[in-house]
There are 2 protein chains.
Amino acid sequence: MDTAALFQQFVAFTTAVHEVTHELTKDVKPDDITPVQYGILEYIAVSQPVTLSQISDCKHISMPNTSRELKKLTEKQLCEKFEVAEDRRKQLIRLTPAGQSMMDNAFQQIGERFKERMKDISPEELASIEEALILLQSKVFYEQ
Amino acid sequence: MDTAALFQQFVAFTTAVHEVTHELTKDVKPDDITPVQYGILEYIAVSQPVTLSQISDCKHISMPNTSRELKKLTEKQLCEKFEVAEDRRKQLIRLTPAGQSMMDNAFQQIGERFKERMKDISPEELASIEEALILLQSKVFYEQ
DNA sequence: CTATTTGGTTATCAAATGATAATAAAATGA
DNA sequence: TCATTTTATTATCATTTGATAACCAAATAG
């Protein structure tokens, strides 16, 4: 198998992943936050506490824009900043209880849809799916 | 292995896929087309010929907005519409030679980055990666 | 101790995107 | 035949997003 053919496969695969992700996450976000804001909250949820520059780097949003969106989220009481002792320039960000429960809710909905999608898969198949995920993540979809 | 644990794995995996996709496709699009327009062209490239409603459905863009963006792309001579005999309401859309070469170029850049990413993988590993892609696509990332 | 770098904010602007209403022609269904 | 549905367009508006400049304070490097 040459890389060219594998590349075809890869393109089709990533398209499918994007489509399924869209399907699973459709409508899980409250109407009063924008898609970019939801993305930020999702990132905070899985990586908290994080700094503003981490969000900026990982979500590919400029510092000024990250700062602006974070301010809105803070005003909506969905996240909060707190000082970090070692470096007084930095500030760590975490979800507030309201933000946490909002995200818990979202993840739960996504989780249920995922479960529904997996409902007819046998335990052996689940095991091989897990293996496949691990393999691809280490060999193809590794970061950096 | 329960679905809850697999779900964790799944979330991390899709995040990694999105990140790597972003990395591979970074800067492949010319500056004079917008991200949404690039997405439309990419879809046309792999599925042509397509109707406007197909683009609208698959890319999750409303008909009026799809029509608007398609008009801009047509004005830029990147794609063109042609009549379909059976149903005179419909119109099929395909890339123009200029659009085709633009997309060929983009895909080639992405392909090279992919190749670079895969360069240290042995033939046996490539085979198991292909298997893993096929498995996941059929069991997890199937459409509908 | 100064110069530079890092981390972050505020303000402002332009462009991209999303949403909606109103329209029209062709196709389909009763 | 008449009503409805499908496919698409145009116009318009509000919001979101991206980009840039100017700024500040703390940290670090020389």
Side-chain angles (χ1 to χ4, degrees), chain A residues 18 22-23 25-44 47-76 78-94, chain B residues 18 22-23 25-44 47-76 78-94:
Chain A
H18 281 87
H22 178 270
E23 207 57 43
T25 59
K26 190 166 60 182
D27 304 322
V28 298
K29 90 171 178 48
D31 285 339
D32 61 339
I33 64 169
T34 71
V36 169
Q37 287 169 3
Y38 178 78
I40 293 176
L41 289 177
E42 209 173 53
Y43 176 69
I44 300 175
S47 314
Q48 60 188 331
V50 294
T51 65
L52 201 141
S53 9
Q54 279 181 287
I55 300 176
S56 174
D57 280 355
C58 298
K59 302 296 297 180
H60 314 105
I61 306 170
S62 71
M63 288 280 285
N65 292 338
T66 305
S67 180
R68 176 186 60 199
E69 297 309 317
L70 223 40
K71 190 181 174 189
K72 292 179 193 165
L73 291 172
T74 305
E75 281 162 1
K76 285 183 206 285
L78 294 172
C79 65
E80 61 192 2
K81 304 171 181 179
F82 59 100
E83 303 283 304
V84 33
E86 317 90 64
D87 188 335
R88 279 162 53 205
R89 284 170 309 180
K90 293 187 186 178
Q91 39 185 241
L92 287 172
I93 295 146
R94 68 182 157 215
Chain B
H18 282 86
H22 178 271
E23 208 57 41
T25 58
K26 191 165 59 182
D27 303 322
V28 298
K29 88 169 180 51
D31 285 339
D32 62 339
I33 64 168
T34 71
V36 169
Q37 286 168 3
Y38 178 78
I40 292 176
L41 289 176
E42 208 172 53
Y43 176 69
I44 300 175
S47 312
Q48 62 189 328
V50 294
T51 66
L52 200 142
S53 10
Q54 278 180 289
I55 300 175
S56 174
D57 279 355
C58 297
K59 302 296 296 180
H60 313 106
I61 307 170
S62 71
M63 289 277 286
N65 291 339
T66 305
S67 180
R68 176 186 62 200
E69 297 310 318
L70 224 39
K71 190 181 175 187
K72 292 179 193 164
L73 291 172
T74 306
E75 281 161 2
K76 284 182 205 288
L78 294 171
C79 65
E80 61 191 1
K81 306 172 181 178
F82 59 99
E83 304 283 305
V84 32
E86 317 90 62
D87 189 333
R88 279 162 53 206
R89 284 170 310 180
K90 293 188 185 175
Q91 41 185 240
L92 288 173
I93 295 146
R94 67 181 159 214

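Bear in mind that the values here come from a model prediction, so they are computed numbers and not experimental data.
Of the residues in residues 29-38 of chain B, those lying under 4.0 Å from DNA chain C by heavy-atom distance are B:Thr34, B:Pro35, B:Val36. Only A:Pro64, A:Asn65, A:Arg68, listed by number, bring a heavy atom of residues 57-68 of chain A to less than 4.0 angstrom from any atom of DNA chain D.
Ring-plane geometry between A:His18 and B:His18 is classed as perpendicular, the angle between the planes exceeding 60 degrees on a 0 to 90 degree scale with a lower cut at 30.
Contact annotation for A:Ser56: no contact, since no heavy-atom pair falls under 4.0 Å across all strands.
The CG atom of B:Asp57 lies 9.0 Å from the OG1 atom of B:Thr66; values are rounded to the nearest 0.5 Å. Distance check, rounded to the nearest 0.5 Å: CD of A:Gln48 to CD1 of A:Ile55 gives 10.5 Å.
Between A:Leu52 atom CG and C:dT10 atom P the separation is 11 Å, expressed in whole Å. For A:Lys81 and C:dG8, the NZ to P distance is 9 Å, given to the nearest whole Å. One interatomic measurement links the two molecules: CG of B:Leu73 to C1' of C:dA16, which rounds to 13 Å at whole-angstrom precision.
In this structure a side-chain-to-backbone donor-acceptor pair under 3.5 Å is missing from A:Lys76 to A:Ile33. Here the side chain of A:Ser67 pairs no donor or acceptor atom with the backbone of A:Met63 at under 3.5 angstrom. When atom types are taken as modelled, the side chain of A:Ser47 and the backbone of A:Tyr43 share a donor-acceptor pair closer than 3.5 angstrom.
Applying the side-chain contact (heavy atoms from CB on, under 4.5 Å) criterion to B:Asn65, with sequence neighbours excluded, gives B:Ile61, B:Ser62, B:Arg68. Remark: B:Glu42 engages no residue in a salt bridge (charged side-chain N to carboxylate O under 4.0 Å, His left out) (not counting sequence neighbours).
Other residues, nucleotides and ligands contribute only 12 or fewer heavy atoms inside 6.0 Å of the CD atom of A:Glu83. The local environment of NZ in B:Lys81 is crowded, with over 12 non-hydrogen atoms from other residues, nucleotides or ligands closer than 6.0 Å.
Heavy-atom contacts of chain A under 4.0 Å fall on DNA chain D between two terminal nucleotides, which in 5' to 3' order are D:dT16 to D:dA27.
For the side chain to side chain contact (heavy atoms under 4.5 Å, CB included) with A:Ile93, the lone residue among A:Thr74, A:Leu73, A:Leu52 that qualifies is A:Leu52.
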Exercise. Are B:Leu92 and B:Val50 close enough, and set up right, to give a side chain to side chain contact (heavy atoms under 4.5 Å, CB included), and what steps lead you there?
Worked result: CA-CA 5 Å; B:Leu92 288 173; B:Val50 294; 5.9 Å; no

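Using a 4.0 Å cut-off between charged side-chain N and carboxylate O, B:Glu75 and B:Lys72 make no salt bridge.
Note on A:Lys72: every side-chain N or O is 4.0 Å or more away from OP1 and OP2 of C:dT9.
Overall, the helix from C:dC1-D:dG30 to C:dA30-D:dT1 carries an axis bend of 30° between its ends, with five pairs at each end and the value rounded to 10°.
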